[in-house]
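Step one of this worksheet: look at the structure below.
Below, chain A is the first sequence line, B the second, and so on; all start at residue 1. Just so it is clear, the structure is predicted and the values come from calculations on it, not from any experiment.
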Amino acid sequence: MKELPKTYEPNDIELRLIDFWNKNKFYAPDNNSTKPKYSIVIPPPNVTGNLTMGHMLNNTIQDIYARWKRMSGFNTLWLPGADHAGIATQTVVEGKLREEGLSRYDLGRGKFVEKVWEWKDIYHKNIVAQLTRMGASVDWQRERFTMDEGLSIAVRKVFVDLYKKGLIYKGKRIINWDPEQQTALSDEEVIYQEMNDKLYYVKYPLLDDERKFIIIATTRPETMLGDTAVAVNPNDERYTGISGKKVLLPIVDKAIPVIADEYVEMGFGTGALKITPAHDPNDFMIGEKYKLESVQVIDHTGKMNEHAGMYSGIDRFEARMKIVQKLKELGLIEKIEDYTHNVGFSERGGAQVEPYLSDQWFVSMKPLAEAALNAVRTGEIKFHPQRWTKTYENWMTNIRDWCISRQLWWGHQIPVWYNKNNDEIYCEVTPPKDIENWEQDPDVLDTWFSSWLWPFSTMGWPENTDDLKKYFPTDFLSTAPDIIFFWVARMIMASLEFTGKIPFSDVYFHNIVRDEMGRKMSKSLGNSPDVIEVMNKYGTDALRFTLVYLAPQGTDIYYANEKCEIGRNFANKLWNAARFLLMKKEQSRGASIPFEQDIFDKWIQSRLQSTIKAYLKALNEFKINEASAALYDFIWGDFCDWYIEILKIKANDNPDSAEAIFENAINIFDDALKLLHPVMPFITEELWQGIKERKENESISISNMPEIQDTLIDVNAEENIILIQQLMASARNMRAEMGLSPSVKCDITVNCKTEKDAELLVSTKNYIKSLAKIEAFEIETKKETPSYKSVTSVVGHYQLYLKIEGLIDVEQEKTKLNKEIERTEGFIISITKKLSNENFVSKASSEVVENEKKKLDDNRQKLEKLKEHYKLIVS
RNA sequence: GGGCGGUUAGCUCAGCUGGUUCAGAGCGCCUGCCUUACAAGCAGGAUGUCGGGGGUUCGAAUCCCUCACUGCCCACCA
């Protein structure tokens, strides 16, 4: 048995236990086990990342489920890992190089990638340390990284497969281009932000009459150098007869056609639209339709290119200013208006995204989407909270092709080789044999193209491994809602396509953690507290408990460090309760004559069972805050506040049974610790080791979760104890109102309605006397008021009288009684009304009606007693 | 423009498969306590027309409609 120090020091405990758990490999599942399996998909964090509060919450949730299931008889796999985070990692490493005055081109592709691997190792250690520190019960032996050999084979296999099915294609499209990172991005990697900009009205002279103009409104005058048409709506009377004519593109001095297409919104700007197929997705569409030429004027670095004439080599935003200046000089600016619109930025790099015409690889998503949509619609995969299914459906039914090629070096290079001598294309998992005749596509794949295989690639797919057979499909995914499209939807599509199975059955979308100003906590904003610091200050258990306690399903959490006091205080409470029980047991060693179970013992057992029930229900419904609240209320509200206080008295009254009494309490506490262990793994392990003798390699984390024992549920005891608690609260309240010092004992008489009511009090008399500091405690069934001067209150079938020495403040007492009388009268009136309402009596269930009648009866009696007492005081 | 949430005590939020265990918890506040673990504690207390309006119902914080404010996601008409 371990000694429990007087004060609770979480840090020492945590470091020691991490070591203990690791050494014993408690969290490696057993492949030979016949127990049912439970497997969890971890959202692999970016290797570059520090854990944010969001990760902390997510990993805590996963750990709760892992530990809970493990203790409930499941062979549990929680497989950790990280993803290579293509853009993010490459950006970081390039930044480091820049500090040394180097660029990736100075190193060359091979050396650069080597360098990234070095950095990856450093970051990776950090992630492992953080996950370990927060107590994640993952199986480190199975750790995976998206660029591991096995996972890379899976990526190539999937690419080749889709390519051969015709679902991967290469094409010239307008994509989102990041001019800083110089790579294509998928639609999901672009974030739109509202910007205050200008809307420029530019005059385009008609070719056959240069005194006449078409005025065009644009936010991006620099792209006009690439205009190849002007479009108007055919129904627009302002432009009747103008379609088919030509206008002279200013500055470039090129004749371009005016076309008519219904796509043009008549209400916007001037109703005339410039068409720049190379720099706008919609213009591109129109360009295709009318077979217009595409003129690219901005290059891959965001600078104007050779087609921009005198502006060539100038940055796009600078060129805008210069072109506007030039147009002004030419008298071709009609006006400039302020204009607010949404502009896209790179999710990772932050650069303003350029719609850019380029050759990229795409996945046709429509064919993959249908099965994935059905899996969720039929409930085979369940989302929690459920409303996310709607978001999912919306996206899936409007899904667009996925641009998967990235012009980066860090990532899975596309498994496509081009023959140097002819047009032949080779696409296989392994490189061509005569490699010297081939050149591999230089692009790498979007990181999500490896992440979407995560649930099965980490288990060894495409090999049909034992792990895959045993643990796939998985059971549970907990993730942030903001990656539902990036990741969740794509995993479902990939899994169904390549394994024919769903990847997981339950998806929990956890809360977004925000700071107190309501901003999402993120690395880029730097507003997430350092989780390690918080753990050091409050304890990991405190942080874990606080997060889930504050996290009702489907809401956001407004987090501030001080809130961790909830968890810390709770941990402290636990610690002291354990210490106290142990101390008392030690003190009373040998006094182990069996004791009689009284109503309080039955009550606490029953409360424990109700708590287990509520806890399991909550976890099964993914209401983690309710699960943790159930434990908090039981341990603090029932066990510590009431049961331990009762035990003190009981042990005093039964000195020969004292050890047995505390032994019994420790057994209950033992169960409570097990229930709490998934949420607060460290302190529960430490106390569990401390309260009883354990074997060397015994751990609460692999012990058995208590099961519900229906025979121990005692509704009657629970109801009666509530009454006694109310009665005591009422007695204490009267004491306080009368200004009695807590050290002074008082006399109380209780009038009971029935003999049965009286029996309850008689059986618990000692406890009540002691806890409410009562000297003379009379329990009567007579209807008379006591002979002494008193104040009174009514609880259920009990009327309490507190004896008053000396004078009472008659006026104050009258006011109080009057208030209570009025309230009771009002209540009686409302029930009477209800009961005399024929509709109520006939339509409400008989149970409800009976209940109301009983209430009416009770309150009439109460009123009578109150009035009686009032008379007494006044006289 | 389309979709999804939120609005309950000073603050952060539970409750929302309709009926005094429905008006709650924690923090904060007030009063009194170092009472045989815990002052990170104990006992007691105050505080709310459950966003506004309308409806369904015998009965609504809970269901429906509507308005207001607020947050998020998707689309991106230059």
Side-chain angles (χ1 to χ4, degrees), chain A residues 4 6-8 187 192 199 216-220 223 231 263-265 267-270 272-276 280-283 339 341-344 385 387-388 390-391 393-395 398 481-482 484-485 512 514 516 518 520 538 542 549-552 554-560 562-563 565-566 568-584 587 625-626 629 632-633 637 640-641 644-645 648 651-652 718-719 722 726 728-729 732-737 739-743 771-773 827 831 833-834 837-845 847-849 851-852 855:
Chain A
L4 296 180
K6 187 156 192 249
T7 48
Y8 162 57
D187 294 340
Y192 288 90
L199 188 60
I216 274 143
T218 178
T219 53
R220 304 204 54 197
T223 64
Y263 169 79
V264 180
E265 198 82 19
F268 187 89
T270 59
L273 175 64
K274 70 197 245 335
I275 304 293
T276 325
D280 183 282
N282 297 308
D283 292 7
Y339 185 63
H341 65 149
N342 286 329
V343 178
R387 68 180 144 86
W388 288 105
K390 206 154 189 178
T391 307
E393 280 182 14
N394 277 341
W395 190 74
N398 298 304
D482 44 5
I484 183 170
F485 308 133
I512 293 171
R514 299 179 183 282
E516 285 195 293
K520 183 181 158 188
Y538 294 96
Y549 185 79
L550 290 176
T555 63
D556 292 353
I557 303 179
Y558 292 85
Y559 174 86
E562 304 79 69
K563 291 187 175 175
E565 286 174 15
I566 300 172
R568 185 202 52 188
N569 293 355
F570 183 43
N572 190 244
K573 190 76 184 172
L574 267 179
W575 186 262
N576 282 298
R579 267 183 56 232
F580 178 74
L581 293 177
L582 262 188
M583 182 189 82
K584 293 304 266 188
Q587 282 172 1
N625 68 316
E626 288 180 19
Y632 183 93
D633 291 345
C640 292
D641 283 353
I644 286 184
E645 294 308 314
K648 289 177 184 171
N652 268 352
E718 291 204 39
E719 279 175 358
I722 286 171
Q726 286 174 344
M728 270 197 268
R732 284 163 168 171
N733 170 258
M734 284 195 289
R735 288 182 55 111
E737 301 241 310
L740 282 184
S741 152
S743 54
L771 291 176
K773 286 270 167 57
F827 197 44
I831 301 177
K833 246 189 190 164
K834 213 187 243 186
N837 182 337
E838 238 176 81
N839 274 325
F840 172 71
V841 181
S842 58
K843 288 184 183 170
S845 79
E847 211 175 306
V848 172
V849 176
N851 210 354
E852 292 296 316
K855 271 192 287 186

*What integer distance in Å separates D187(A):CG from rC76(B):C1'?*
11 Å

_Using a heavy-atom cut-off of 4.0 Å across all strands, would you classify E737(A) as base, sugar-phosphate, or nothing?_
nothing

*What does D641(A) touch in the nucleic acid at a heavy-atom separation under 4.0 angstrom: a base, only the sugar-phosphate, or nothing?*
sugar-phosphate

*Do the numbers put K648(A) on top of the ring of F580(A), so that NZ or CZ is under 6.0 Å from the six-membered ring centre and no more than 45° off the axis?*
yes

*asked:* Using only modelled atom types and a 3.5 angstrom limit, is any donor from either the side chain of N342(A) or the base of rC76(B) paired with an acceptor on the other?
replied: yes

*Classify the glycosidic conformation of rU57(B) as syn or anti, calling it syn when the angle lies within 90° of 0.*
anti

_Side-chain donor/acceptor contact of K390(A) with base of rC4(B) under 3.5 Å_ = no

_Any strand: nucleotide that pairs with rC4(B) via Watson-Crick or wobble, under 3.5 Å_ = rG71(B)

*Provide the Watson-Crick or G-U wobble partner of rA25(B), both distances under 3.5 Å; none if there is no partner.*
rU12(B)

_Base, sugar-phosphate or nothing for R568(A)? Non-hydrogen atoms, less than 4.0 Å._
base

*Could you tell me whether the phosphate oxygens of rG41(B), OP1 or OP2, come under 4.0 Å of any side-chain nitrogen or oxygen in N569(A)?*
yes

*From rG5(B), rA37(B), rA78(B), pick the nucleotide closest to the side chain of C640(A)?*
rA37(B)

_If the cut-off is 4.0 Å, is Y339(A) near the phosphate of rA78(B), judged by side-chain N/O to OP1 or OP2?_
yes

*So what's rG48(B) paired with, Watson-Crick or G-U wobble, going by both distances under 3.5 Å?*
none

*Which part of the nucleic acid, if any, lies within contact of N394(A), taking any heavy atom under 4.0 Å across all strands shown: a base, the sugar-phosphate backbone alone, or nothing?*
sugar-phosphate

*Are any of K573(A)'s side-chain N or O atoms less than 4.0 Å away from OP1 or OP2 of rC42(B)?*
yes

*Can you tell me how far P in rU47(B) sits from the matching atom in rG24(B), rounded to whole Å?*
11 Å

*Base-pairing mate for rC42(B) - Watson-Crick or G-U, with both contacts under 3.5 Å*: rG32(B)

*With heavy atoms under 4.0 Å as the rule, sort F485(A) into base, sugar-phosphate or nothing.*
sugar-phosphate

*In the strands shown, is rG19(B) matched to any nucleotide by a Watson-Crick or G-U wobble pair with both distances under 3.5 Å, and which?*
rC58(B)

_What's the closest nucleotide to the side chain of K584(A) if the choices are rU36(B), rA78(B), rA40(B)?_
rU36(B)

*Is E645(A) side chain donor-acceptor paired with the rA37(B) base, going by distance under 3.5 Å alone?*
yes

*Base, sugar-phosphate, or nothing: which does A231(A) touch, judged by heavy atoms less than 4.0 Å apart?*
nothing

*Touch class at under 4.0 angstrom, heavy-atom based, for E265(A) against every strand present*: base

_Out of rU36(B), rC38(B), rA78(B), whichever nucleotide has its closest atom nearest the side chain of M583(A)_ = rU36(B)

*asked:* Between rC50(B) and rG6(B), how many Å separate the two C1' atoms, rounded to a whole number?
replied: 14 Å

*If anything within 90° of 0 is syn and all else is anti, what is rU31(B)?*
anti

